[in-house]
**Q** 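Questions regarding the structure given below will be posed in turn.
These figures come from a predicted structure and were not determined experimentally. Per chain, numbering begins at 1; letters A, B, ... match sequence-line order. Just so it is clear, the values below take in all heavy atoms, side chains as well, and ignore hydrogens, waters and symmetry mates.
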Number of protein chains: 2
Amino acid sequence: MRISQLSAESGVPIPTIKYYLREGLLPQGEQTSATRAEYGTAHLHRLRLIRALLEVGRLPVAAIRKVVEAVEDERTGVHTMLGTAHYALASPPDPHAGDEDWEEAREHVDRLIAELGWAVSPHAPGRDELAQTLLTLRRLGMAAIDADLLPYAAAAMNLARDHEMGMIPFDGPRDVAVETLVVCTVLYGKALEVFRRLAHESESARLLTPARDHAEVRTQDT
Amino acid sequence: MRISQLSAESGVPIPTIKYYLREGLLPQGEQTSATRAEYGTAHLHRLRLIRALLEVGRLPVAAIRKVVEAVEDERTGVHTMLGTAHYALASPPDPHAGDEDWEEAREHVDRLIAELGWAVSPHAPGRDELAQTLLTLRRLGMAAIDADLLPYAAAAMNLARDHEMGMIPFDGPRDVAVETLVVCTVLYGKALEVFRRLAHESESARLLTPARDHAEVRTQDT
DNA sequence: GGTGCGTGGATAGCGCAACTATCCAGTAGC
DNA sequence: GCTACTGGATAGTTGCGCTATCCACGCACC
């Protein structure tokens, strides 16, 4: 398959494919001559993965590059590779400037994770992200105590343990495992986010509008 | 309070505050003379809200403007206002070009929501977002059948019903209600996203590394 | 063995979003 | 009056994800 066919099948313009090749998101095609290269279905699949992470997951190109680098580095073990891929999904940390409020929030997070008994590296970027989120909640005047957070932690662990780890083919090829992990995190994460908004709308409708409005909505719905 | 003090207390540079004023994210201060205006704690609070939605929620400025416009439009009822605010949190729709795969995904979503019995408007943008996500999953070769989705819908509804609707003060001032809804959606959404990644890491560690590694991690952890 | 289109490679430019910098006239407070 | 700061306007900057242009080559078709 040449670049024009890759473009036609994926819907991605040729200059954009060239850009992804340059940026290392997409591996080079197999050179068949000085001005010709051959691309396969793996390239098409990778291209769809890139677009999914960009458009649905809104990941920056740099994060996607980190993910594919983790996949292509054959030296690392599967768990390390999954960790690298996972850490690439984190938001870039912002400087917290030795703030003592921040330190307190970070300690709160560390204590919470310890109490949950989760096997999470002390260097996991999620710890900082969570601390930042708690600090922001507090500054907005919302409590964010353990009782508010635990339901979220429990929901996350339930989904991870009962549904998500089973999706990942640990015994298959390493690239399939890491791709499944990333897709699962990003796309099902998106689905969860949308379900949450829909659930809010539904509950808000039940609490705030008269019963006949439900009937109307349900009627329009069908 | 003058603009310099607002800047000092919030940590937001003066030109940025002026930009937010221009863009309608922040209401004008009370003019005390031709070249002087007075800002209050409401402005400080709003500024923190804007920064939270921007930095933690990564919402575009246009979405934040929609939220504040919904709050400030006194004519609408509380449920409509919450809906407007909520719809502003959706990703902008991309043109699906009358694709028949897309139509099928969208019908799948409508059927799923009907089966769940959720009172969601047929025009809710979340329906399209979910359809797009399902379509993307399929194109990546992942099943995305009801059995895969229902746990996410159930988790979202549990959190909404048991924890989130209780946080929203429906009987208080309307701006507080909508602000709480948005903050709850965006910031607890972020917390949930991070918890999910941490849960993945923890489960991956338990499945893929020898038991002694857990002990090491737990030791470092404390 | 020309001819012409598509290719790979390189470089430069565009468009959007979120700021940021500069200028200016007016005035509050000394 | 002097100075520092203000609100308001306008233009410029940065970063990111593309997109456009150019060029020399070479495969395919005549």
**Q** Taking OH from Tyr19(A) and P from dG15(D), how many angstroms apart are they, rounded to a whole number?
**A**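 Rounding to the nearest Å, OH of Tyr19(A) and P of dG15(D) are 14 Å apart.
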**Q** Is there a side-chain polar atom (N or O) of Ser33(A) under 4.0 Å from OP1 or OP2 of dT7(C)?
**A**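 Result: no.
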**Q** Return the 5'-most residue of the pair Ala34(B), Arg51(B) with respect to DNA chain C, ranking by each residue's nearest nucleotide.
**A**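 Between the two, 5'-proximity favours Arg51(B).
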**Q** Mark yes or no for a side-chain to base donor-acceptor pair under 3.5 Å between Arg22(B) and dT20(C), with no hydrogen or angle criteria applied.
**A** yes
**Q** Are Gln31(A) and dC25(D) close enough that a side-chain N or O sits under 4.0 Å from OP1 or OP2?
**A**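 No, outside the criterion.
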**Q** Rounded to the nearest Å, what distance is computed from the CD1 atom of residue Ile17(B) to the P atom of nucleotide dC19(C)?
**A**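 Answer to the nearest Å: 12 Å.
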**Q** Tell me which nucleotide among dG6(C), dG7(D), dT19(D) gets nearest to the side chain of Tyr39(B).
**A** dG7(D)
**Q** Measuring from the side chain of Ser4(A) (C-beta onward, heavy atoms only), which nucleotide among dT6(D), dG6(C), dA20(D) has the closest atom?
**A** dG6(C)
**Q** Contact class for Leu21(A) (heavy atom, under 4.0 Å): base, sugar-phosphate, or nothing?
**A**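 It contacts nothing in the nucleic acid.
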**Q** If you check every side-chain atom of Val61(B), which of dG26(C), dA11(D), dA18(C) has the closest atom?
**A**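 The answer is dA18(C), which lies nearest to the side chain.
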**Q** Looking at Leu54(A), Val182(A), Leu49(A), which hits side chain to side chain contact (heavy atoms under 4.5 Å, CB included) with Ile64(A)?
**A** Leu54(A)
**Q** Could you tell me how far apart Lys18(A) (NZ) and dC23(D) (C1') are, to the nearest whole angstrom?
**A** 11 Å
**Q** Show your working on salt bridge (Lys or Arg N to Asp or Glu O under 4.0 Å) between Arg197(A) and Glu193(A) and close with a plain yes or no.
**A** CA-CA 7 Å; Arg197(A) 288 209 308 271; Glu193(A) 174 199 321; 3.1 Å; yes
**Q** Distance check needed: dC16(D) P versus Arg58(A) CZ, whole Å only.
**A**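 The answer, rounded to whole Å, is 16 Å.
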**Q** Verify the contact: side-chain N or O of Thr35(B) to OP1 or OP2 of dG8(D), cut-off strictly under 4.0 Å; return yes or no.
**A** no
**Q** Which is true for Gln28(B) with a 4.0 Å heavy-atom rule: it touches a base, it touches only sugar-phosphate, or it touches nothing?
**A** sugar-phosphate
**Q** Please tell me which of Pro13(B) and Arg2(B) maps to the more 5' nucleotide of DNA chain C, matching each residue to the nucleotide holding its nearest heavy atom.
**A** Pro13(B)
**Q** How long is the line joining CD of Glu23(A) and P of dC18(D), in whole Å?
**A** 10 Å
